[in-house]
Chemist: 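One structure, as structure tokens, below. Some questions next.
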Amino acid sequence: GSGKYDIEYRILRYSDKQPRWIKAKGKVYFNLKGQAERFIGTVLDISEHKAREQELKDSVALFTAMSDNVQVMIWISGEDKFCDFFNKTWLAFTGRTIEQESKEGWLENVHPDDVQKCISDYREAYKKEKGFYSEYRLKRSDGKYRWIADNSAARYNADGKFAGFISACIDIDDQKKFSEKIMESELRLKNIS
């Protein structure tokens with residue numbers, strides 16, 4: 001082989017028999033006969049790094065489990081302006097895959113009359129780095145458009161830098177139609193009197 005090595009492994013620390021993660025990196029030097037003659041490298045205790053890595057994996061798994069088991073449709077965008085996460089509730093509502101929804105694919109399911117408003121609401125909020133509220137019609141998996149209330153909050157990194165949005169969306173179609181019927185009834189009553 002090349003004689004290079006870069007491995008991570010666990011050991012039991014001699015002093016207290018506690019498991020520790022070790023990263024060994026270096027190079028083996030061979031003599032003219034092709035036999036390993038010496039090696040130079042470093043061995044580093046990376047237990048803290050591994051613990052933080054596991055905590056991050058656990059928190060991502062917890063967030064995903066929570067977001068996938070609520071009746072709210074959730075999407076998350078990054079600082080690149082593109083949406084790159086949609087929870088299972090969103091995907092079940094639209095009947096589409098994460099690949100279809102990613103980037104600006106989700107706009108394909110927005111009612112044509114509402115697309116421009118969605119884009120301008122998002123761009124304006126992105127420019128201001130502030131959360132926003134928007135209502136638009138989104139095509140459900142059965143092909144019917146439903147009114148959606150989209151409530152987005154700005155996200156920030158640990159250093160306070162704007163990192164995109166996280167949004168909770170709910171289907172408000174029934175409430176919107178009910179409100180319209182009440183307004184129509186009130187209008188009729190005014191016209192009668």
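Numbering starts at 1 and runs along the sequence shown.
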Chemist: With a 6.0 Å cut-off (strictly less than), is the heavy-atom count around CZ of R123, excluding the residue itself, greater than 12?
Modeler: no
Chemist: Quick one, S167 with F132, criterion side chain to side chain contact (heavy atoms under 4.5 Å, CB included). Give me CA distance, side-chain angles, the key distance, then yes/no.
Modeler: CA-CA 9 Å; S167 187; F132 65 98; 6.0 Å; no
Chemist: Distance under 6.0 Å and angle within 45° of the ring axis: does R38 meet both against Y29?
Modeler: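 Flagged: R38 positioned over aromatic ring of Y29.
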Chemist: Could you measure the distance from the CZ atom of R146 to the NZ atom of K139? Nearest 0.5 Å is fine.
Modeler: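 Rounded to the nearest 0.5 Å, the CZ-NZ separation comes out at 15.0 Å.
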Chemist: S77 and Y122: which non-hydrogen atoms are nearest, and at how many Å?
Modeler: OG-OH, 2.8 Å
Chemist: Looking at K17, I want to see if its NZ is surrounded by more than 12 non-hydrogen atoms of other residues, nucleotides or ligands under 6.0 Å.
Modeler: yes
Chemist: Hey, are W90 and E101 close enough side-chain-wise for a donor-acceptor pair under 3.5 Å?
Modeler: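 Side chains of E101 and W90: pair found under 3.5 Å.
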Chemist: About how many Å separate CD1 of I22 and CD1 of I11, when rounded to the nearest 0.5 Å?
Modeler: 4.0 Å
Chemist: Taking everything shown except K103 itself, do over 12 heavy atoms lie less than 6.0 Å from its NZ?
Modeler: no
Chemist: Considering residues at least two apart in sequence or located in another chain, which fulfil the salt bridge (Lys or Arg N to Asp or Glu O under 4.0 Å) criterion with D113?
Modeler: none
Chemist: In terms of ring plane angle, is the pair W106 and W75 parallel, tilted or perpendicular, where the classes change at 30° and 60°?
Modeler: parallel
Chemist: Is there a side-chain contact between I46 and E8 (heavy atoms, below 4.5 Å)?
Modeler: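 Answer yes - side chains close enough.
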Chemist: Could you tell me which non-hydrogen atom of Q175 sits nearest to which non-hydrogen atom of D171, and how far apart they are?
Modeler: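 What the structure gives for the nearest pair is OE1-O, 3.9 Å.
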Chemist: For V28 and A36, work out which heavy atoms get closest and say how close.
Modeler: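 Scanning both residues, the minimum pair turns out to be CG1-CB, 3.7 Å.
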Chemist: Are the charged groups of D16 and R13 less than 4.0 angstrom apart, N to O?
Modeler: yes
Chemist: Are Y126 and E124 close enough that some pair of their side-chain heavy atoms sits under 4.5 Å apart?
Modeler: no
Chemist: Taking side chain as C-beta onward, heavy atoms only, is I74 less than 4.5 Å from T89?
Modeler: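 A side-chain contact is absent here, since even the closest heavy-atom pair is not under 4.5 Å.
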Chemist: Within a strict 4.5 Å, meaning less than it, do heavy atoms of the D174 and W147 side chains meet?
Modeler: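 The answer is no; the side chains never approach within 4.5 Å.
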Chemist: Please enumerate all residues that pass salt bridge (Lys or Arg N to Asp or Glu O under 4.0 Å) together with K161, with sequence neighbours excluded.
Modeler: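 Per chain and number, K161 pairs via salt bridge (Lys or Arg N to Asp or Glu O under 4.0 Å) with E79.
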Chemist: Locate the shortest heavy-atom distance separating T94 from N109; write the atom from each residue and the value.
Modeler: CB-ND2, 3.6 Å
Chemist: The criterion is ring-ring contact (aromatic ring centres under 6.0 Å, His included); which residues satisfy it with H49, sequence neighbours excluded?
Modeler: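 Applying ring-ring contact (aromatic ring centres under 6.0 Å, His included) to H49 gives none.
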Chemist: Just wondering, do R137 and K176 contact through their side chains at under 4.5 Å, heavy atoms?
Modeler: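 Answer no - side chains too far apart.
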Chemist: Around atom OH of Y9, are there more than 12 heavy atoms from other residues, nucleotides or ligands closer than 6.0 Å?
Modeler: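 Yes, the 6.0 Å shell around OH holds more than 12 heavy atoms from other groups.
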Chemist: If only side-chain N and O atoms count, and only distance matters, is there a donor-acceptor pair under 3.5 Å linking Y133 with D150?
Modeler: no
Chemist: Would you name the heavy atoms of W21 and S47 that are closest together and state the gap between them?
Modeler: N-OG, 2.7 Å
Chemist: I need the K23 NZ to K50 NZ distance, nearest 0.5 Å.
Modeler: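 Rounded to the nearest 0.5 Å, the NZ-NZ separation comes out at 8.0 Å.
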Chemist: Quick one: pull up CD in E129 and CZ in F162 and give me the separation to the nearest 0.5 Å.
Modeler: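 Atom-to-atom, E129:CD and F162:CZ are 5.5 Å apart.
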Chemist: Any chance you could measure F85, atom CZ, to I76, atom CD1, to the nearest 0.5 Å?
Modeler: 5.5 Å
Chemist: Rounded to the nearest 0.5 Å, how far apart are NZ of K4 and NZ of K25?
Modeler: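 One finds 9.5 Å between NZ of K4 and NZ of K25.
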Chemist: Please check: side-chain N/O of S102 versus main-chain N/O of D84, any donor-acceptor pairing under 3.5 Å?
Modeler: no
Chemist: Please check if atom CD in E104 has more than 12 non-hydrogen atoms from other residues, nucleotides or ligands closer than 6.0 Å.
Modeler: no
